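Worksheet for the structure shown next.
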Protein chains: 2
Amino acid sequence: MPAPRKFSREQLRTAALSLVDAHGLAALTMRSLAAALGTGAMTIYNYVDGREGLEGLLVEAVLADALPAVTEHPEDADWRIETRRLAEANWRAVRAHPDVIPLILTRRIADPASLEHGEALLRALARSGRRGADLLYAFRAVTGFVTGFAQAELAGPLSIAPDEDVRAITDRARALPAERFPYLIEIAGAAAASTPEIEFHAGLDVLIAGLESRPSAGNPERSAGQDRV
Amino acid sequence: MPAPRKFSREQLRTAALSLVDAHGLAALTMRSLAAALGTGAMTIYNYVDGREGLEGLLVEAVLADALPAVTEHPEDADWRIETRRLAEANWRAVRAHPDVIPLILTRRIADPASLEHGEALLRALARSGRRGADLLYAFRAVTGFVTGFAQAELAGPLSIAPDEDVRAITDRARALPAERFPYLIEIAGAAAASTPEIEFHAGLDVLIAGLESRPSAGNPERSAGQDRV
DNA sequence: GTCGAACACGTACGTTGTACGTAAGTCAAG
DNA sequence: CTTGACTTACGTACAACGTACGTGTTCGAC
C-alpha cells in the first residue's frame, strides 16, 4: 500500500557524507542535502529523524568501516596483534572522514558495527587472560586511547588545521617563550619530524606493553606465551 | 578616552558557565547570556569574538582548573606519581562540567593553562628518561587516554545519560543478543559494579606500567629506580 | 474505479548568530 | 566649561537554520 520511495537511506548516507567530506560539516543542512538529492528539504524527514538522526546516520556510515577485513582465522592470532589490528582499523576509519570526527566524539554511539567492533576487541583482550573488571579496564584503556588520539589530531595542541602545513607545528612552538615551555618545544620538533601513523603505533606499543606486564592482576596469562617483543 | 566597561571577561565567563552547568549547552545563546547579565545581546560582542570566542572562553574556564594544586616540591616526586597526579587533575577538571566536554573535544585548545599543564606533564614524563620522539609518544599516550576516557564517559557504549540510572548500563546490555555479544554483556556488569574513578585509575595503571616497561626504547631509566609497584 | 495509506514537498514560523547604525558616555585638549 | 574624538552599549534588521503543518500525489488492495 505504500508509495515507492524516491531514495534509500544508503543514498542519503552517501550524499550527506560526500557533502561533508567536500565542504565541511557546516555545509550540511537539510536544504543543502535536499538540493544535492534534487528534492525538497522536508523530504529528508521521511528517511531520517530530524537533524539528530541525520548526524547519527553519518556517524554510522563512518564507523561501518571500523571493522578490519576478516581474515581466515583471526581468532588464532596473538591477542596483541589482534588488538592492534582492531585499534588501527578503528582509527583509520575515523581518520578517513575528519569532518565527521566532531560528531563521533559527541554523539552517543550504539550502532551494530560499533558493538561488533567492541565485542571483537573484547574477544582479543580476553585472550590475554582477563575477565570481568580487568577486561573492562583493558577495554577502556584501548578505546580511550584510540578516540583520544583521534581527538588530539583534530584539535590537540600539536594538531594542524586542514589548510595548514606541517611547518605550522614548529612555527607555533617558536612563538612560545622558550624558557617556560622547553619540553613542548622539544616535542613539537619531534612531532614535525614524525607522522600520526608512527605516533599512533608507538602509543599502542606503550599500551600493549602495559597490558602485557599486568595480565590480569593475579591470573597468569593463559594463551600462547610469546614473551615481550 | 574609553568609556568604562560594564562587565569583565571574568563575569562573562562565570555567567556563561553557570548557564551551561544549569541548563545545558543549548541554553547558552547570545540573547540568553545577555539576559543573564541584564544587558543587550550585542554587548557580548564587545568582550568576545562572536559565538566562537564565547565557546573558547568556556573551554578556557574549565581547563583553568586542570593544573593540580602546587605542592612544595612536586619536582622531586616520582615521575609515575606526578604523571598520575596531572592526568587525574585534568580529568577531574573536565568532568566537573560535563556539558562543556563537547566543546573541549572539538575546539582547538592553546590557552596558557593547557600549555602549562602539558609542559608539567612533559617534565614528569621526561624524568622517566625519555627525550625527543619517545617523549612525544608518551605524551600522546597519556593525553590521548585522558581525553578519550572523558569522551567515553560522555558518549561511549557504556555511558549513562545525565537523566539515567546506573541500571541503564545493564538494562541496555540485557537488550543485546547474548550469543553475539557475550563479552560486552560481561563488562557491562563489571561497569555497573564499578565507578569511573576506579576505571580511570586502573587504565592509568596499565598505561604507566607500559611506560615503565619501555623507558625510552634504548636509554635506561635514570631516575630513582623504584621498581614496578 | 474507489479508497486509504504512505510519500513528496511548498509554505511558514520561531530561533539563531550577527552586520549595521545610533545614542550615550568618558577623557584630553582648548 | 566646551569641544572633539573615540570607545562602549544596544536596538533594529536580516539571512539562514530546523521543522510543524497542510496539501497534493502516487501507489496497492478490493
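All values reported here derive from a predicted model rather than from experimental measurement.
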Show the nearest heavy-atom pair for residues [X] and [Y], with the distance to one decimal.
X	Y	answer
A/H97	A/L17	CE1-CD2, 3.8 Å
B/S114	B/I109	OG-CD1, 4.5 Å
B/S32	B/L19	OG-CD2, 3.3 Å

Starting at atom [atom1] of [X], determine the distance to atom [atom2] of [N], rounded to an integer number of angstrom.
X	N	atom1	atom2	result
B/L54	C/dT16	CG	P	14 Å
B/E55	C/dT16	CD	C1'	13 Å
B/M30	D/dC17	CE	C1'	16 Å
A/K6	D/dG24	NZ	C1'	14 Å
A/L33	D/dC17	CG	C1'	14 Å

Item to check | B/R92/B/D65 salt bridge by N-O under 4.0 Å criterion | outcome: no
Checklist entry - What does B/T43 touch in the nucleic acid at a heavy-atom separation under 4.0 angstrom: a base, only the sugar-phosphate, or nothing? => result base
What pairs of donor and acceptor atoms, side-chain ones from residues 175-192 of chain B against any protein atom, are under 3.5 angstrom apart with sequence neighbours left out?
from: B/R180; atom 1: NH2; to: A/E116; atom 2: OE1; distance (Å): 2.4
from: B/E186; atom 1: OE2; to: A/G132; atom 2: N; distance (Å): 2.8

Item to check | Pairwise distance CG(B/L105) to CD(B/Q151) - rounded to 0.5 angstrom | outcome: 6.0 Å
Next on the checklist: Can you tell me how far apart CD (B/E60) and CD (B/E55) are? Round to the nearest 0.5 Å.
Outcome noted: 13.0 Å
Checklist outcome for this item: Sorted by number, residues from residues 44-53 of chain B placing a heavy atom under 4.0 Å from DNA chain C are B/Y45, B/G50, B/R51
Item to check | Parallel, tilted or perpendicular: rings of B/W91 and B/F200 (30°, 60°) | outcome: parallel
Could you pull out the protein-nucleic contacts involving nucleotides 10-14 of chain C (nitrogen or oxygen on both sides, under 3.5 Å)?
none

